[in-house]
Number of protein chains: 2
Amino acid sequence: MYRLTNSFPYLLNRVGVQMGELFSRRIAGYGVTLPMYRVMAALWEAGDQRLGDLAAMTTIEISTLSRLVGEMKRRGLVTRARLKDNGRTVAINLTPKGRSLVEELIPIAIRFEEVAVRDFPPKNISDLKTILAEIYESLKSLEPEIEEANKARKAAKSKA
Amino acid sequence: MYRLTNSFPYLLNRVGVQMGELFSRRIAGYGVTLPMYRVMAALWEAGDQRLGDLAAMTTIEISTLSRLVGEMKRRGLVTRARLKDNGRTVAINLTPKGRSLVEELIPIAIRFEEVAVRDFPPKNISDLKTILAEIYESLKSLEPEIEEANKARKAAKSKA
DNA sequence: GAACAATAATTGCATTTGCAAATATAGGTC
DNA sequence: GACCTATATTTGCAAATGCAATTATTGTTC
């Protein structure tokens with residue numbers, strides 16, 4: 001018998017939402033939101049990102065991210081500039097201010113993660129991380145059947 | 001060296017967002033959103049929920065959920081009624097229409113989960129689920145230090 | 001090199017979200 | 001049983017979100 005509360009997406013989402021919520025509250029005093037932190041931490045790891053890449057990296061929808069980066073630029077946390085050699089794209093980077101801020105926040109993120117995983121052997125956690133990364137990749141294989149299902153429905157509708 | 005992309009919340013969030021996005025698209029043809037599915041699946045598992053309990057179960061913020069349930073009632077998917085014996089609370093349930101709809105959608109959710117986990121031995125997946133459930137519980141222990149950190153900041157500020 | 005297609009980012013607009021305040025009801029307390 | 005407090009839900013309002021359309025630039029074809 002299926003139970004939502006034992007399903008993988010449910011368990012996943014619940015932890016994700018909750019950790020996000022707690023972390024948001026923890027960093028609110030620094031004047032940044034969770035999505036802002038994610039952007040800064042992504043840039044800290046790999047700077048000079050284009051908007052689209054940053055969107056893929058952070059799983060933030062691109063138009064949302066465009067505006068978010070705009071706000072962060074206004075606040076002096078990041079730079080954004082069209083490239084000389086390819087004016088379609090834009091390069092986003094941390095400012096020194098953004099860098100020093102994210103370097104204050106990262107230890108808090110590390111602390112949160114430690115608390116989350118402390119009851120489990122490191123091996124389990126690293127396995128878990130590997131599984132999560134691989135599942136992410138394997139989700140791509142669902143794309144075709146989504147299209148197909150929707151196409152089928154559409155066809156049925158236009159016939160009706 | 002810390003890397004966002006190897007952090008637990010990052011890997012978690014990414015899979016959660018992506019699965020949600022794909023599932024949303026898959027069920028869009030049925031005229032329901034992902035949050036609506038979650039509410040229906042929660043009620044299918046355990047009906048006659050109060051709003052607050054349903055919020056806790058689904059990790060949907062309570063005011064958002066209040067409106068969502070209102071919309072779902074308008075669409076004939078759920079019932080909502082103040083209790084006779086305790087008029088503060090409301091009882092939310094699936095209608096027959098909501099029930100038959102969610103029973104169409106659950107197999108799709110099962111299918112998605114199967115695809116997600118098919119590359120791993122069941123033992124690993126059940127371990128993973130256990131870990132996720134336990135992590136969720138252990139997050140509660142972060143609450144006090146969030147309060148404390150914010151209190152400390154506040155005190156420092158008022159002194160300045 | 002003009003016209004068209006493809007890629008990248010931004011913006012308009014309607015919807016969704018979440019905090020805080022308001023409302024509704026129940027449970028003490030004197 | 002009036003008054004205060006606690007609990008549960010809803011609503012006002014401002015901010016965030018995401019789709020679709022638009023803008024900007026590059027690449028391709030003739």
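Chain letters run A, B, ... following the sequence lines, proteins first, then strands; residues in each count from 1. Model, not experiment: these values are computed from the prediction.
- Within the structure, salt bridge (Lys or Arg N to Asp or Glu O under 4.0 Å) contacts touching residues 75-98 of chain A (residues at least two apart or in different chains) are A/Glu71-A/Arg75.
- As rounded to whole Å, 12 Å separates atom P of D/dT10 from atom CG of B/Leu68.
- Atom CD in A/Gln18 sits about 13 Å away from atom P in C/dG18, given to the nearest Å.
- Counting only residues at least two apart or in different chains, salt bridge (Lys or Arg N to Asp or Glu O under 4.0 Å) contacts with residues 27-41 of chain A are absent.
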Can you give the donor-acceptor pairs under 3.5 Å from side chains of residues 111-120 of chain A to other protein atoms, not counting sequence neighbours?
{"unit_1": "A/Arg111", "atom_1": "NE", "unit_2": "B/Glu145", "atom_2": "OE1", "d": "3.4"}
{"unit_1": "A/Arg111", "atom_1": "NE", "unit_2": "B/Glu145", "atom_2": "OE2", "d": "2.9"}
{"unit_1": "A/Arg111", "atom_1": "NH2", "unit_2": "B/Glu145", "atom_2": "OE1", "d": "2.5"}
{"unit_1": "A/Glu113", "atom_1": "OE1", "unit_2": "B/Phe8", "atom_2": "N", "d": "3.1"}
{"unit_1": "A/Glu113", "atom_1": "OE2", "unit_2": "A/Lys129", "atom_2": "NZ", "d": "2.8"}
{"unit_1": "A/Glu113", "atom_1": "OE2", "unit_2": "B/Phe8", "atom_2": "N", "d": "3.2"}
{"unit_1": "A/Arg118", "atom_1": "NH2", "unit_2": "B/Ser141", "atom_2": "OG", "d": "3.1"}

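- Counting to the nearest Å, the P atom of D/dC19 and the CD1 atom of A/Ile60 are 14 Å from each other.
- Straight-line distance from the CG atom of A/Leu34 to the P atom of C/dC19: 13 Å, rounded to whole Å.
- In this entry the distance linking CD of A/Glu71 with P of D/dA16 reads 8 Å, nearest Å.
- Computed from coordinates, the B/Glu61 CD to D/dA8 C1' distance equals 13 Å when rounded to whole Å.
- For the salt bridge (Lys or Arg N to Asp or Glu O under 4.0 Å) condition, the pairs that include at least one residue of residues 20-32 of chain B, sequence neighbours left out, are A/Glu143-B/Arg25, A/Glu147-B/Arg25, B/Glu21-B/Arg25.
- Atom-to-atom, CD of B/Glu21 to P of D/dT17 comes out at 15 Å; the value is rounded to the nearest Å.
- Look at CG on B/Leu83: it is 12 Å from P on C/dT25, rounded to the nearest Å.
- With sequence neighbours excluded, no residue forms a side chain to side chain donor-acceptor pair (under 3.5 Å) with A/Asn124.
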Tell me, for nucleotides 9-14 of chain C in 5' to 3' order, what letter each nucleotide earns: B for a base near a protein heavy atom under 4.0 Å, S for only sugar-phosphate near one, - for neither? SSBBB-
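- Counting only heavy atoms from C-beta outward, the side chains of B/Leu43 and B/Val102 never approach each other to under 4.5 Å.
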